[in-house]
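This report concerns only the one structure given below.
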Amino acid sequence: MSRLIIRVPRGFDFWRTVLSHGWAILPPFECDRRTRTLRRVFRLAGGRLVTASLVGSAGAVQIGTGRAALAPAERADLRTHVRTCLRLDEDFAGFHAAARRHPQYRWIAASGSGRLLRAPTLYEDVVKMICTTNCAWSLTEVVVGKLVARFGEDAGGGRRAFPDPHAVAQSSEQILRSTCSTGYRAPYLLELSRRVAGGELDLEALRTSAAPVDEVFDALRSIKGVGPYAAGNLLKLLGRYDHLGLDSWVRAQYSRLYARGRAVKDAAIERRYASLGRWRGLFFWLEMTRSWHDEKFRGSA
DNA sequence: GCGTCCAGGTCTACC
DNA sequence: GGTAGACCTGGACGC
């Protein structure tokens, strides 16, 4: 059995990162709460597909690949993918220092919160984010599951990779609608996949871009189907936390927390977090989901 | 079982 | 710049 170990930054909490938002239960991610294992198919350099199981331990993340023996270059590639997904190379010291300056946010630093799980590629994150728009979470699960089942390459053992943009690009609106329940999002997903597959849109470059956040936001907004909500939340997966990424769920949560259930204008929510600077989107998300996390972690920290 | 209504972001047309 | 309506699906509800 092949096993790799990755050392993690001090204060890193594997399970809190896994459950930081809904990505962990969207295929090809699989989340086993009983064993606290995150599993998925990774596409390594050279195109080989490997199913890896990730488990947190003291100061490290252990990666198991079953019987698959990996070449040195493949091991290095897998490590890179895992580091990307778990945000291990992102520095949260500034964020936690900022959290400690606010009594109501000290729990964030104390719990090591802040890392939001992401996919190995921004293409996968964008596809999934489009699939969260204008529908219930249950439909998001259905659509992503069908996309992976229909277009994801078979990795053996009943598992599939996330679809390569070329595979989706060769499809059609009609097929996406009829086999993946994408509805009116079909042309958006098709156009996105064709632009990425054709090299016109270099999404991965945005992950390392030093451009001002507004430029990156505009680049994301140029993708059909990506509006303010989707772009704001994709920015968080790029390590830019300047936007709140408001949707109906967080609006409702905010109104429950601060307005006794009454509706609150977006501008008022924005004003409340404006003083938190470039981290405001992350403060906002963690605050809105705090009770959600407490339920998930109760008695199991 | 069937029909109707509604919620959920984004796009487009229009003012 | 702001607003209204369309887009599509699944769930809730009434019959």
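Chain letters run A, B, ... following the sequence lines, proteins first, then strands; residues in each count from 1. Just so you know, these numbers use all the heavy atoms, side chains as well, and skip hydrogens, waters and symmetry mates. Worth saying up front: this structure is predicted, and the values here are computed from it rather than measured.
- Rounded to whole angstrom, the span from the CE atom of A:Met129 across to the P atom of B:dG8 amounts to 18 Å.
- If you take CZ of A:Arg251 and P of B:dA7, they are 14 Å apart, rounded to a whole angstrom.
- Remark: the A:Arg39 side chain and the A:Ser53 side chain contain an N/O donor-acceptor pair separated by less than 3.5 Å.
- A:Ala186 comes within 4.0 angstrom of no nucleic acid atom, judged by non-hydrogen atoms across all strands.
- For A:Tyr188 and A:Thr182, the side-chain atoms include no donor-acceptor pair closer than 3.5 Å.
- Counting to the nearest Å, the C1' atom of B:dG8 and the CG atom of A:Leu246 are 14 Å from each other.
- For B:dG9, one of the phosphate oxygens OP1 or OP2 lies less than 4.0 angstrom from a side-chain nitrogen or oxygen of A:Ser248.
- Taking for each of A:Lys146 and A:Asn134 the nucleotide of DNA chain C with the nearest heavy atom, the 5'-most of the two is the partner of A:Asn134.
- Residues passing the side chain to side chain donor-acceptor pair (under 3.5 Å) test with A:Asp77, sequence neighbours excluded: none.
- Side-chain polar atoms of A:Trp137 and A:Glu141 form a donor-acceptor pair below 3.5 angstrom.
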Can you tabulate the close N/O pairs, meaning under 3.5 Å, that link protein atoms to atoms of nucleotides 11-15 of chain B?
residue	atom	partner	partner atom	Å
B:dC11	OP1	A:Gly225	N	2.7
B:dC11	OP2	A:Arg221	NH1	3.2

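- Annotation: of the two residues near DNA chain C, A:Arg185 and A:Ser138, the 5′-most nearest-nucleotide partner is A:Arg185.
- Taken over five-pair windows at either terminus, the axes of the helix from B:dG1-C:dC15 to B:dC15-C:dG1 are inclined to one another by 30° (rounded to 10 degrees).
- The separation between A:Leu192 atom CG and B:dT10 atom P is 14 Å, rounded to whole Å.
- Considering every non-hydrogen atom in both A:Met288 and A:Leu257, the closest pair reads CE-CD1, 3.6 Å.
- With hydrogens and angles ignored, no donor-acceptor pair under 3.5 angstrom links the side chain of A:Tyr229 to the base of B:dG8.
- Rounding to whole angstrom units, CG of residue A:Asp266 and C1' of B:dG9 are separated by 12 Å.
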Would you sort out whether A:Trp285 and A:Asn233 count as a side-chain hydrogen bond (donor to acceptor under 3.5 Å, both in side chains), showing the intermediate values?
CA-CA 10 Å; A:Trp285 174 252; A:Asn233 283 300; over 6 Å; no
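- Every residue two or more places apart in sequence or in another chain that forms a salt bridge (charged side-chain N to carboxylate O under 4.0 Å, His left out) with A:Arg43 is listed here: A:Glu153.
- In this structure, A:Tyr273 and A:Phe284 have perpendicular ring planes: the angle between them is above 60°, well past the 30° mark.
- A nucleotide of DNA chain C counts as in contact with chain A when one of its atoms lies under 4.0 Å from a heavy atom; the first and last such, 5' to 3', are C:dC7 to C:dG10.
- Using a 4.0 Å cut-off between a side-chain N of Lys or Arg and a carboxylate O of Asp or Glu, A:Arg251 and A:Asp266 qualify as a salt bridge.
- With sequence neighbours left out, A:Arg150 forms a side-chain contact (heavy atoms from CB on, under 4.5 Å) with A:Ile175, A:Thr179, A:Cys180.
- With A:Arg240 as reference, A:Leu235 is the one residue of A:Leu235, A:Leu234, A:Asp214 to meet the side chain to side chain contact (heavy atoms under 4.5 Å, CB included) rule.
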